[in-house]
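Step one of this worksheet: look at the structure below.
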Amino acid sequence: MTAKIAYDDVEVGTELPAQSFPVTRDTLVRYAGASGDFNPIHWNERFAKEVGLPDVIAHGMFTMAEAIRVVTDWTGDPGAVVEYGVRFTKPVVVPDDGQGATVEVSAKVAAKLDDNTVRVDLTATSAGQKVLGMSRAVVRLG
């Protein structure tokens with residue numbers, strides 16, 4: 001596959017379509033099974049509170065994976081992502097209320113680099129708080 005976005009058609013400041021990602025306790029249990037990360041802070045409310053968390057929290061790697069979907073959906077090619085990194089700044093708290101939490105992700109092209117690559121800066125928030133910091137991806141465009 002090749003990115004469906006052409007390097008020459010992108011400028012610094014180009015905004016990618018923002019997305020919202022729901023996160024429920026069910027989502028966390030499914031992710032735990034797929035990833036093998038069964039840390040009880042991700043499914044056991046009593047345990048999470050005993051260790052000082054406000055409630056069960058989403059896996060950091062799950063949050064990171066949901067956020068990059070904004071970029072991969074934009075390019076049309078997950079293989080276009082050359083580099084991706086984040087800092088985990090706040091947890092995504094997932095209450096057991098039938099609603100769960102929502103991760104809101106926006107992104108924009110921050111720099112045009114060499115070899116048809118661009119740097120995309122992402123912003124991910126949940127409950128009004130930034131949950132990923134220094135969230136950046138380098139993407140090779142068509």
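For the numbers below, each heavy atom of this structure counts, side chains included, while hydrogens, waters and symmetry mates do not. For clarity, every value in this text was computed on a predicted model and none was experimentally measured.
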In the structure I gave you, are the side-chain heavy atoms of Val118 and Leu141 within less than 4.5 Å of one another anywhere?
yes
What do the steps show when you test Arg25 against Glu45 for salt bridge (charged side-chain N to carboxylate O under 4.0 Å, His left out), and what is the final call?
CA-CA 10 Å; Arg25 296 282 179 95; Glu45 184 174 334; 3.4 Å; yes
Given Tyr84 and Ser135, is the side-chain contact (heavy atoms from CB on, under 4.5 Å) satisfied, shown in steps?
CA-CA 8 Å; Tyr84 178 45; Ser135 183; 3.9 Å; yes
Does Ser35 use its side chain to pair, donor to acceptor, with the backbone of Tyr31 at less than 3.5 Å?
yes
Looking at Asp97 and Gly100, would you say the former's side chain and the latter's main chain have a donor-acceptor pair under 3.5 Å?
yes
Have a look at Val86 and tell me which of Met61, Arg136, Met134, Met64 forms a side-chain contact (heavy atoms from CB on, under 4.5 Å) with it.
Met64
Is any side-chain heavy atom of Val94 closer than 4.5 Å to one of Asp55?
no
Is there a side-chain contact between Val10 and Ile5 (heavy atoms, below 4.5 Å)?
yes
Shortest non-hydrogen separation from Asn116 to Gly142 and the atoms involved
ND2-O, 3.6 Å
Over all heavy atoms of both residues, which pair between Ser126 and Val92 is shortest? Give the atoms and the distance, please.
OG-CG1, 3.7 Å
Could you walk me through whether Leu132 and Arg87 satisfy the side-chain contact (heavy atoms from CB on, under 4.5 Å) test, starting with their C-alpha distance in whole Å, then the side-chain angles of each, then the deciding distance to 0.1 Å, before giving a yes or no?
CA-CA 6 Å; Leu132 299 177; Arg87 287 199 176 127; over 6 Å; no
Let's go through Thr125 and Thr123 carefully: what are the C-alpha distance in whole Å and the side-chain angles of both, what is the deciding distance for side-chain contact (heavy atoms from CB on, under 4.5 Å) to 0.1 Å, and is it a yes or a no?
CA-CA 7 Å; Thr125 61; Thr123 301; 4.2 Å; yes
Report the relative orientation of the aromatic rings in His59 and His42; use parallel for angles under 30°, tilted for 30 to 60°, perpendicular for over 60°.
parallel
Between the main-chain N or O of Ala80 and the side-chain N or O of Thr75, is there a donor-acceptor pair closer than 3.5 Å?
no
Is there a path from Phe47 to Ile57 through hydrophobic residues (I, L, V, M, F, W, Y) whose side chains come within less than 4.5 Å of each other?
yes
Should Thr72 and Asp77 count as side-chain neighbours, where that means a heavy-atom distance under 4.5 Å?
no
Say you draw a straight line from CG of Asp37 to CG of Leu28; how long is it, rounded to the nearest 0.5 Å?
10.5 Å
At their closest point, which heavy atom of Ala107 faces which heavy atom of Val120, and how far apart are they?
CB-CG1, 3.7 Å
Nearest heavy-atom pair of Leu122 and Ala137: which atoms, and what distance?
CD1-N, 4.2 Å
Is a side-chain donor or acceptor of Lys112 paired with a backbone partner of Tyr7 at a separation under 3.5 angstrom?
yes
Distance, nearest 0.5 Å, that separates OG1 of Thr102 from CD of Gln99:
8.0 Å
Return the minimal non-hydrogen interatomic distance between Val131 and Pro91, and the atom names on each side.
CG1-O, 4.0 Å
Report, as yes or no, whether the 6.0 Å neighbourhood of atom NZ on Lys108 holds more than 12 heavy atoms from other residues, nucleotides or ligands.
no
Quick one about Glu104 and Ser20 (side-chain donor to acceptor, distance below 3.5 Å, no hydrogens or angles considered), yes or no?
yes
For Ala110 against Asp121, the heavy-atom pair lying closest together:
CB-OD2, 3.3 Å
Quick one: are Val109 and Leu16 in side-chain contact, heavy atoms under 4.5 Å?
yes
Value rounded to 0.5 Å, distance of NZ in Lys130 from NZ in Lys90
12.0 Å
Run the numbers on Arg140 and Asp115 for salt bridge (charged side-chain N to carboxylate O under 4.0 Å, His left out), then give the verdict.
CA-CA 8 Å; Arg140 180 163 289 110; Asp115 197 24; 2.8 Å; yes
Hydrophobic cluster identity match, Ile68 and Phe88, side-chain contacts under 4.5 Å
yes
Hphob cluster co-occupancy, Val82 + Val139, side-chain heavy atoms under 4.5 angstrom
no
Ile41-Val23 co-clustered via ILVMFWY side chain contacts under 4.5 Å:
no
ILVMFWY cluster, Val71 and Phe21 together (side-chain gap under 4.5 Å)
yes
